[in-house]
Amino acid sequence: MPRRQDQTDPLLASNRKAFRDYEILERFEAGIRLVGTEVKSCRARAIQLADGYAYVKNGRLFLANVHIAPYEFGNVYNHAAKQERELLMHKREILKLAQWLAVKGGTIVPLRFYLKNALVKVEIAYCRGKTHADQREDLKKRESDREIRRALKK
């Protein structure tokens, strides 16, 4: 059942593709450095996370390939839609992610954008890619769980 999108709902966008394609190992909450009209676009839920990822560069964490649409009522100072944005986390958390990426591999993907105390936050996750066999196994498990629920309901 899809979430109801009203003005009081703190969820701005979610990345359903990440749950299908990746095995989520660890989740983190991060702030995001936004400029000018990006906040208004986020509040209008004009965000696409499907191909987004994060990477560590010079001890800082950046979010790439996330599309925040230009603000509809913006002027000449409107932002670029697909630009790199800095994620704000504690240094020890960034170093932990950098070590995991260097040693274990994997990737960091954004799971959802949401509002927390009137600030835009991003939930990111350290993930490992699923193979097609893993995806089929998940489908079978979901289907069997659905059948069990139907049988118990009757």
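Each residue takes its place number in the sequence, starting with 1.
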Roughly how far, to the nearest 0.5 Å, is the [atom2] atom of [Y] from the [atom1] atom of [X]?
X	Y	atom1	atom2	result
L111	E29	CG	CD	12.0 Å
E23	L25	CD	CG	5.0 Å
E123	R112	CD	CZ	4.5 Å
R92	L95	CZ	CG	10.5 Å
R146	E143	CZ	CD	5.0 Å
K40	I68	NZ	CD1	15.0 Å

Heavy-atom pair of closest approach, residues [X] and [Y]:
X	Y	value
H67	A81	NE2-CB, 3.4 Å
C42	L34	SG-CD1, 4.0 Å
R20	K130	O-CD, 3.5 Å
A118	R43	O-NH2, 3.2 Å
G52	V109	O-CG1, 4.0 Å
I124	M89	CD1-SD, 3.7 Å

[X] vs [Y] side-chain heavy atoms within contact, under 4.5 Å:
X	Y	value
I47	S41	no
R27	Y126	no
V120	L12	yes
L88	L61	no

- [ ] Using the test ring pair (Phe, Tyr, Trp, His ring centres under 6.0 Å), find all partners of Y22 that sit at least two apart in sequence or belong to another chain.
- [x] none
TODO: Could you list the residues that satisfy ring pair (Phe, Tyr, Trp, His ring centres under 6.0 Å) with F62, not counting sequence neighbours?
DONE: Y55
Identify whether [X] and [Y] are in the same connected component of the hydrophobic contact network (ILVMFWY, side-chain heavy atoms under 4.5 Å).
X	Y	value
F113	V35	no
L115	Y71	no
V122	W100	yes
L49	L87	yes
L97	L63	yes

Donor-acceptor pair, side chain of [X] and main chain of [Y], under 3.5 angstrom:
X	Y	result
T107	C127	no
R85	V66	yes
T37	N78	no
N65	Y53	no

Open item on the list: How about CD on E137, more than 12 heavy atoms from neighbouring residues, nucleotides or ligands closer than 6.0 Å, or not?
Closed with: no
Open item on the list: Take a 6.0 Å sphere around CD of E72 and say whether it holds more than 12 heavy atoms from other residues, nucleotides or ligands.
Closed with: no
Task: Chi angles and distances behind the side chain to side chain contact (heavy atoms under 4.5 Å, CB included) call for K96, F28 - done: CA-CA 11 Å; K96 181 195 285 189; F28 297 92; 4.3 Å; yes
Task: Lys/Arg N to Asp/Glu carboxylate O, D138 vs R142, below 4.0 Å - done: no
Task: Distance under 6.0 Å and angle within 45° of ring axis: R16 vs F19 - done: no
Task: Trace of the side chain to side chain contact (heavy atoms under 4.5 Å, CB included) decision for K141 with R136 - done: CA-CA 9 Å; K141 184 177 184 289; R136 284 194 299 269; over 6 Å; no
